[in-house]
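Right, one structure below, let's go through it.
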Amino acid sequence: MSLRVYAIVYLVFLYAPIFLLPLFAFNASTIIAFPLQGFTFEWFVELWNTPALHVALRNSLIIAVLTAIFSTLLGSCAARAAAKYEFPLKRPIMGLIMVPLVLPEIIVGVSLLVVVVQLHQWQLSTWTVVGAHVLICTPFSIAILNGAFQNMDASLEEAAQDLGETPFSTFRLITLPLVMPGIISSLLISFTISLDEFIIAFFLTGAEPTMPVYIWGLLRFPQMLPAVMALGTLLVARSIVLLIVAEYFRRRGLARA
């Protein structure tokens, strides 16, 4: 009984602020307070008619797609090597790769800013954000794909090579289809993390901000808060859908293994 009460209180504390987003997103008043003044789609229409938001969304989507692809490629290579091969210092190397999971993002952001601007004197751009997001998303990809590769039956690859397949064709015809649910899950998780990430993007964004950075700029204007609520509602809905799809493919991969 006590565990059930604890779980209910925890879930209410965690999700109650999120449930307030759609309430105020459809509220007719510009003041974020109760009681609600009426029902309206005005703030969603305002989002549609804001060109700066469209540019920020386009930047975030480009960064998120590139991050998901690069992170999954690097994660696949690392997970494959960790699951199939033994090599010197294997565990320390894999541990170092996973370090970004536990480092504070503000430390990572400041450090990368110093490296990019002070040491290499590169211009801040979309590619600096992509590189930073790949750094923090690759460990998540490895964590997902490591289970997919470890749960795969190695005898299937051996049988394919005994029947005359090359290592590349074996990977393409046998290994890749078996780990595909994990790859799709990795792509979706990396895409979601990159699209929502703010701190590192705040430090490394150039003249064209990402969507989280743009939302941060809107908070300086109180009259724009309802539009921020509307945008937050759309982002929450998108995150829930992507996470459900990622979890579906992860469980499908485990069931297939």
Side-chain angles (χ1 to χ4, degrees), residues 56-83 91-116 120 122 124-150 176 179-206 208-216 235-236 238-254:
L57 177 60
R58 182 198 63 192
N59 294 335
S60 288
L61 289 176
I62 293 173
I63 291 171
V65 169
L66 292 175
T67 299
I69 294 173
F70 292 147
S71 298
T72 301
L73 285 174
L74 293 175
S76 299
C77 296
R80 170 74 170 175
R91 291 187 178 180
I93 292 174
M94 295 305 298
L96 288 175
I97 294 176
M98 305 300 285
V99 163
L101 288 176
V102 298
L103 286 177
E105 287 192 0
I106 190 169
I107 301 300
V108 176
V110 172
S111 301
L112 291 176
L113 180 63
V114 171
V115 171
V116 170
H120 295 286
W122 294 338
L124 296 179
S125 65
T126 297
W127 289 105
T128 57
V129 182
V130 170
H133 283 186
V134 169
L135 177 67
I136 63 173
C137 289
T138 298
F140 290 95
S141 178
I142 294 174
I144 295 171
L145 292 169
N146 194 39
F149 280 106
Q150 287 183 347
L176 192 59
V179 300
M180 185 57 66
I183 290 176
I184 295 176
S185 180
S186 171
L187 287 170
L188 292 174
I189 292 296
S190 299
F191 179 87
T192 301
I193 293 173
S194 176
L195 194 63
D196 294 339
E197 201 282 324
F198 166 73
I199 297 177
I200 292 178
F202 180 78
F203 282 101
L204 297 178
T205 296
E208 297 183 345
T210 62
M211 186 171 57
V213 176
Y214 176 79
I215 294 174
W216 169 257
L235 292 177
V236 169
R238 183 267 311 163
S239 297
I240 292 174
V241 171
L242 287 180
L243 290 175
I244 290 175
V245 173
E247 181 64 15
Y248 167 76
F249 281 103
R250 187 188 70 84
R251 294 190 179 188
R252 181 180 176 184
L254 291 177

According to ring pair (Phe, Tyr, Trp, His ring centres under 6.0 Å), who are the partners of Trp122, at least two apart in sequence or on a separate chain? His120

Find out whether Trp127 and Leu66 are in side-chain contact, i.e. whether some heavy atom of one side chain is under 4.5 Å from a heavy atom of the other. yes

Test log, rule side-chain contact (heavy atoms from CB on, under 4.5 Å), inputs Glu197 and Thr67: CA-CA 12 Å; Glu197 201 282 324; Thr67 299; over 6 Å; no

Shortest non-hydrogen pair, Ile183 vs Ser76, comes out as CG1-OG, 4.4 Å

Rounded at 0.5 Å granularity, tell me how far CE in Met98 sits from CD1 in Ile142. 5.5 Å

Step by step, work out the side-chain contact (heavy atoms from CB on, under 4.5 Å) result for Phe203 and Leu112. CA-CA 9 Å; Phe203 282 101; Leu112 291 176; over 6 Å; no

Quick one: does Ile107's side chain get under 4.5 Å of Pro104's, heavy atoms only? yes

After noting the C-alpha distance and the side-chain angles of Val130 and His133, does the key distance pass the side-chain contact (heavy atoms from CB on, under 4.5 Å) rule? CA-CA 5 Å; Val130 170; His133 283 186; 5.9 Å; no

Heavy atoms of Ser194 and Ala64 approach each other most closely as OG-CA, 3.4 Å

Could you give the distance from CZ (Arg58) to CD1 (Ile63), rounded to the nearest 0.5 Å? 10.5 Å

Inter-residue atom distance Leu103.CG - Leu135.CG, 0.5 Å rounding: 8.5 Å

Quick one: pull up CD1 in Ile193 and SG in Cys137 and give me the separation to the nearest 0.5 Å. 5.0 Å

For Thr128 and Ser125, what are the C-alpha separation, side-chain angles and deciding distance, and is it a side-chain contact (heavy atoms from CB on, under 4.5 Å)? CA-CA 5 Å; Thr128 57; Ser125 65; 4.2 Å; yes

Mutual orientation of the aromatic rings belonging to Phe202 and Trp216 [parallel < 30°, tilted 30-60°, perpendicular > 60°]: perpendicular

How long is the gap from CD1 on Ile189 to OG on Ser186, to the nearest 0.5 Å? 8.5 Å

Ser190 and Ser71: CA distance, side-chain angles, deciding distance, side-chain hydrogen bond (donor to acceptor under 3.5 Å, both in side chains) verdict: CA-CA 7 Å; Ser190 299; Ser71 298; 4.6 Å; no

Pick one: which of Val65, Ile144, Thr72 meets side-chain contact (heavy atoms from CB on, under 4.5 Å) with Leu187? Thr72

Any heavy-atom pair between the side chains of Val129 and Ile200 that's under 4.5 Å? no

Counting heavy atoms not belonging to Ile106, are there more than 12 under 6.0 Å from its CD1? no

Any chance you could measure Ile62, atom CD1, to Thr210, atom OG1, to the nearest 0.5 Å? 12.0 Å

Hey, is the main chain of Val134 close enough, under 3.5 Å, to the side chain of Thr138 for a donor-acceptor pair? yes

Is there a side-chain contact between Thr205 and Leu124, using heavy atoms and a 4.5 Å cut-off? no

